[in-house]
Protein chains: 2
Amino acid sequence: MTAESAVETLSHPAPDTARDLVERAIDRGAMVTLFGACTVEYQGRAASSLGLGDRHVTLKPDGTALVHTDEGQQPVNWQPPGCDHSVTVAGASLVILSERTTPDEELEIAFETVAHAAAFDVSDPEELAVTGTEADLKERILETPDLVEPGFTPLATERETPAGAVDVYGEDAAGRTVVVELKRRRVGPDAVGQLNRYVDALRRDLHAETEVRGVLVAPSVTDRARQLLAEKGLEFVSLAPP
Amino acid sequence: MTAESAVETLSHPAPDTARDLVERAIDRGAMVTLFGACTVEYQGRAASSLGLGDRHVTLKPDGTALVHTDEGQQPVNWQPPGCDHSVTVAGASLVILSERTTPDEELEIAFETVAHAAAFDVSDPEELAVTGTEADLKERILETPDLVEPGFTPLATERETPAGAVDVYGEDAAGRTVVVELKRRRVGPDAVGQLNRYVDALRRDLHAETEVRGVLVAPSVTDRARQLLAEKGLEFVSLAPP
DNA sequence: GCATCGATTTCGTCT
DNA sequence: AGACGAAGTCGATGC
């Protein structure tokens, strides 16, 4: 990150010229972008094929590959971090190959035409700071347990059960065990199923005479989720992250 | 998508020059990319702040915004399709603002330095064709129901229950109701919870004397998922998408 | 518009 | 490496 960051660009380069730039950029750990008409083939956990069209391709120094069309937030094709990228010229085409193992996956991008190629030297020392997450909601409850209900006492977070870890584990004013499942946003049936699994597991694990309550804490619930809560004898408390 | 796709680029432009290019590109429905040192602020469903660093920014004609660092497949910040993008100059900075309503969300990218700016005219007539999905697994079972078990007869797909839609609904050789939940890959406790919700719901809905079996079809299960299946009296059949 | 669920989910954390 | 659950998840479908 400098006032004059190192940038190398080519407009409508010949395949050989583009290959040289991409090869050098990958070698020195730069970020590469390509734009042009290409086809994309993927094989791995699934398989896909994409006919000729204009796309924007990004190769990151960590081994990520992204193929973006003009629509959508998600790339139309991609490869996760840790892949090996290589570039070759096949006839008049520039071919990008991105591969990895465990699982075996391969992404091939064949540019019939490269309209633009660029290499960027990237320096990014900063970490993203996010608020409004489930972790923030948990802290809020640990600071003010009464928000769950008067007399609630947290005893542990991430307490392990045979069905997984409970977000907040505690007891109510009457000494009954309380399992709290937190969600940062409006919840559906899946969250009720999750809470129910934990309550079930603890009822099995703890002594038979121990009463176990399950409380779902979230900003709101859907109708179906509320129905499922009622059927399972579980409770809901409306609360959002700070 | 032409042999000479329209591409406009600037290296180390002045803020005003970059603003003009970005503004014109947005107006004509082109894809915009920017690279340089910037800060990013987000407020909406959550909130985040990102200090100064080199990033690659993409603005798509459908209103998507993406901010990528040198690491990770996911953008460090973003805005989904449907947002309004605007560009202004504030002092020496180029500021990109991306906004939407329902929910109210705002992303502000302030470039201290623009190392590169580009506008791409995109034409992409092709649709992605994917195989190896859950839908492919479903088709496989409908074609050859014996893969679930000899004598299995599918009666409906996406059959509605009070707990959600069942992937494949049918009956076994003895006439018992069978609920099949499909997963394209190895499954954990969540899938068992899902299947259990459907089975529970149907046992309530159907007459008391009707026996309901639940079968999870996936390539494999985790130990915990297998344990939960056993506790709930549910079954597992190993099968992968074609 | 909301609800539900799949996804080549990705990502972080912990075992 | 695998398991488990969160995510500003996104995206597709149905109501």
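Throughout, a chain's letter reflects where its sequence line sits, starting with A, and its residues are numbered from 1.
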Show the atom names and distances, to 0.1 Å, of all donor-acceptor pairs under 3.5 Å that link a side chain in residues 75-82 of chain A to residues at least two apart or in another chain.
| unit_1 | atom_1 | unit_2 | atom_2 | d |
| --- | --- | --- | --- | --- |
| A:N77 | ND2 | A:S48 | OG | 3.0 |
| A:Q79 | NE2 | A:S98 | O | 2.9 |

For residues 60-69 of chain A, run the donor-acceptor check on the side chains, cut-off 3.5 Å, and write out each pair with its distance to 0.1 Å, sequence neighbours left out.
| unit_1 | atom_1 | unit_2 | atom_2 | d |
| --- | --- | --- | --- | --- |
| A:K60 | NZ | B:H68 | ND1 | 3.0 |
| A:K60 | NZ | B:T69 | O | 2.8 |
| A:K60 | NZ | B:E71 | O | 3.3 |
| A:K60 | NZ | B:G72 | O | 2.8 |
| A:D62 | OD1 | A:T64 | N | 3.0 |
| A:D62 | OD1 | A:T64 | OG1 | 2.8 |
| A:D62 | OD2 | A:T64 | OG1 | 3.3 |
| A:D62 | OD2 | B:G72 | N | 2.6 |
| A:H68 | ND1 | B:K60 | NZ | 3.0 |
| A:T69 | OG1 | A:E71 | N | 3.2 |
| A:T69 | OG1 | A:E71 | O | 3.1 |

Short heteroatom pairs, N/O only, protein and nucleotides 12-15 of chain D, under 3.5 Å:
none

Has [X] got a side-chain N or O lying under 4.0 Å from the OP1 or OP2 atom of [N]?
{"X": "A:R184", "N": "D:dT9", "answer": "yes"}
{"X": "B:R45", "N": "D:dT9", "answer": "yes"}
{"X": "A:Q74", "N": "D:dC10", "answer": "no"}

For B:Y42 and B:P81, take the nucleotide of DNA chain D holding the closest heavy atom to each; which residue's nucleotide lies nearer the 5' end? B:Y42

More 5' along DNA chain D: A:D167 or A:R185, using each one's nearest nucleotide?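 So the residue in question is A:D167.
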
Can you list every pair that meets side-chain hydrogen bond (donor to acceptor under 3.5 Å, both in side chains) and has a residue in residues 155-169 of chain B, with sequence neighbours left out? B:K138-B:E158

Please list, in 5' to 3' order, the outermost nucleotides of DNA chain C lying under 4.0 Å from any heavy atom of chain B. C:dG1 to C:dC11

I'd like to know if B:K232 and A:D200 make a salt bridge, using a cut-off of under 4.0 Å between side-chain N and carboxylate O.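 Looking at B:K232 and A:D200, the cut-off is met.
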
Got a sec: does the CD of A:Q43 have more than 12 other heavy atoms crowding it under 6.0 Å? no

Give me, pair by pair, the N or O atoms of the protein and of nucleotides 2-4 of chain D that are less than 3.5 Å apart, along with how far apart they are.
| unit_1 | atom_1 | unit_2 | atom_2 | d |
| --- | --- | --- | --- | --- |
| D:dA3 | OP1 | B:R186 | NE | 3.1 |
| D:dA3 | OP1 | B:R186 | NH2 | 2.2 |
| D:dA3 | OP2 | B:R186 | NE | 2.8 |
| D:dC4 | OP1 | B:R224 | NE | 3.2 |
| D:dC4 | OP2 | B:T222 | OG1 | 2.6 |

